[in-house]
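Heads up: the structure comes next, in structure tokens.
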Amino acid sequence: MPTAMYPGSFDPVTRGHLDIIKRSSKMFDRLIVAVLNNSAKTPLFTVEERVQMLKECCADFPNVEVMSFDGLTVNFAKKNHATVMVRGLRAVTDFEDEIQLAHTNHALMPGIETVFLATSIKWSYLSSTIVREAAHYRHDVSKFVTPNVEAALKKKIEEGKA
């Protein structure tokens with residue numbers, strides 16, 4: 001079975017992301033959760049913090065590896081022998097952006113395929129942005145994230161960074 005890669009910023013990882021990870025880990029022998037280190041953005045969590053949170057969240061999935069990368073996603077995929085890109089879709093608006101990325105990735109790396117997974121309805125409204133915003137205003141986000149992520153968010157708020 002091919003190696004798959006699920007790239008994203010995961011700032012922070014949500015239960016919606018974990019739903020996609022859990023489901024796609026059953027479809028592939030190896031799934032790399034690839035945390036983007038995007039120098040053009042200012043994330044709440046460092047790439048190292050995001051990788052650590054994901055490793056904790058994915059500890060029960062033996063075929064899932066968490067790694068960070070910068071640069072083009074297809075270059076990271078090629079370096080790690082991934083031939084499938086997994087992408088989660090919440091709504092039709094996500095599809096418009098994601099199909100453009102899928103075509104671009106295929107043009108840059110012929111042979112890479114993109115698999116779209118519809119996010120479970122339970123999480124279809126959820127995004128990292130919503131979680132950060134709710135946490136910033138000190139709302140309970142425990143239904144959106146795992147306990148380790150919730151604790152990390154609270155720490156950022158206490159430090160005045162969120």
Side-chain angles (χ1 to χ4, degrees), residues 1-90 94 97-120 123 126-132 135 141 144-156 161-162:
M1 230 188 240
T3 295
M5 181 174 130
Y6 178 33
S9 56
F10 306 103
D11 188 38
V13 59
T14 69
R15 291 189 186 275
H17 293 127
L18 294 174
D19 173 61
I20 297 294
I21 292 168
K22 180 180 181 179
R23 290 167 46 214
S24 58
S25 73
K26 294 175 184 175
M27 298 169 63
F28 302 98
D29 287 335
R30 180 178 176 225
L31 175 67
I32 300 168
V33 178
V35 181
L36 175 61
N37 185 14
N38 187 345
S39 59
K41 290 187 177 182
T42 307
L44 177 60
F45 293 99
T46 67
V47 70
E48 294 82 11
E49 290 169 326
R50 290 178 276 149
V51 165
Q52 184 58 40
M53 284 187 285
L54 273 157
K55 284 183 176 182
E56 291 167 9
C57 292
C58 296
D60 291 337
F61 307 120
N63 64 327
V64 173
E65 298 173 51
V66 181
M67 301 177 188
S68 65
F69 76 102
D70 53 17
L72 289 176
T73 307
V74 292
N75 290 345
F76 184 77
K78 187 174 185 175
K79 178 182 170 186
N80 289 281
H81 311 287
T83 56
V84 176
M85 199 87 62
V86 174
R87 301 298 297 162
L89 298 175
R90 292 173 295 193
D94 284 349
D97 293 335
E98 293 294 342
I99 195 72
Q100 184 179 19
L101 276 174
H103 289 313
T104 302
N105 287 337
H106 190 74
L108 293 171
M109 184 181 159
I112 191 93
E113 297 295 341
T114 301
V115 172
F116 298 111
L117 292 179
T119 303
S120 296
W123 308 117
L126 189 58
S127 70
S128 294
T129 303
I130 289 170
V131 170
R132 287 193 311 268
V141 295
F144 305 141
V145 297
T146 55
N148 67 313
V149 176
E150 182 183 17
L153 281 163
K154 284 181 180 177
K155 184 178 177 192
K156 290 286 183 183
K161 296 180 181 174

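The model shown is predicted, which means the values in this text are computed figures rather than measured ones. Side chains are part of it too, since the values below use all heavy atoms of this structure and drop only hydrogens, waters and symmetry mates.
- Listed by chain and number, the residues in a ring-ring contact (aromatic ring centres under 6.0 Å, His included) with Phe76 are Phe69 (sequence neighbours excluded).
- The shortest distance between side-chain heavy atoms of Arg132 and Pro12 falls below 4.5 Å.
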Please report the C-alpha distance between Arg50 and Val13 in whole Å, then the side-chain angles of each, then the deciding distance to 0.1 Å, and finally whether the side-chain contact (heavy atoms from CB on, under 4.5 Å) criterion is met. CA-CA 7 Å; Arg50 290 178 276 149; Val13 59; over 6 Å; no

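- The shortest distance between side-chain heavy atoms of Met27 and Val84 does not fall below 4.5 Å.
- Lys154 pairs by the salt bridge (Lys or Arg N to Asp or Glu O under 4.0 Å) definition with Glu150, not counting sequence neighbours.
- Considering CG of Asn148 and CG of Leu153, their distance stands at 10.0 Å, rounded to 0.5 Å.
- A donor-acceptor pair under 3.5 Å is formed between the side chain of Asp11 and the backbone N or O of Leu44.
- Here the straight-line distance linking atom CD of Gln52 with atom SG of Cys57 works out to 10.0 Å at 0.5 Å rounding.
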Hey, mind stepping through Thr3 and Asn80 against side-chain contact (heavy atoms from CB on, under 4.5 Å) and telling me if it holds? CA-CA 8 Å; Thr3 295; Asn80 289 281; 5.9 Å; no

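- Within the model, atoms OG1 of Thr129 and CG of Leu126 stand 10.0 Å from one another, a figure rounded to the nearest 0.5 Å.
- Listed by first and then second residue, the side chain to side chain donor-acceptor pair (under 3.5 Å) pairs involving residues 21-34 are Asp19-Arg23, Arg30-Glu65 (not counting sequence neighbours).
- With Thr119 contributing its side chain and Leu89 its backbone, the two residues share a donor-acceptor pair below 3.5 Å.
- Of the charged side-chain nitrogens involved, at least one lies within less than 4.0 Å of a carboxylate oxygen, so that Lys156 and Glu49 count as a salt-bridged pair.
- To the nearest 0.5 Å, atom CZ of residue Phe61 and atom CG of residue Leu31 are 9.5 Å apart.
- The side-chain contact (heavy atoms from CB on, under 4.5 Å) check on Ala77 picks up Met5, Ala82, Met109, Ile112, with sequence neighbours excluded.
- Screening residues 97-111 for side chain to side chain donor-acceptor pair (under 3.5 Å) gives Arg87-Glu98 as the qualifying pairs, with residues at least two apart or on separate chains.
- Residues passing the salt bridge (Lys or Arg N to Asp or Glu O under 4.0 Å) test with Glu56, sequence neighbours excluded: none.
- Annotation: ring pair (Phe, Tyr, Trp, His ring centres under 6.0 Å) contacts involving residues 6-46, sequence neighbours excluded, comprise Tyr6-Phe10, Phe10-His17.
- Annotation for Ala135 and Val141: closest pair N-CG1, 3.8 Å, computed over non-hydrogen atoms.
- Taking Thr42 as the reference, nothing meets the side-chain hydrogen bond (donor to acceptor under 3.5 Å, both in side chains) condition, with sequence neighbours excluded.
- Looking at every heavy atom in both residues, Val35 comes nearest to Val66 through CG2-CG1, 4.1 Å.
- In this structure, the side chains of Ile20 and Trp123 stay at 4.5 Å or more apart for every pair of heavy atoms.
- To the nearest 0.5 angstrom, Asn37 atom CG is 7.5 Å from Glu48 atom CD.
- Partners of Ser128 by side-chain hydrogen bond (donor to acceptor under 3.5 Å, both in side chains), not counting sequence neighbours: none found.
- Listed by chain and number, the residues in a side-chain hydrogen bond (donor to acceptor under 3.5 Å, both in side chains) with Arg15 amount to none (sequence neighbours excluded).
- At a threshold of 4.5 Å between non-hydrogen side-chain atoms, the residues Ile21 and Leu54 count as touching.
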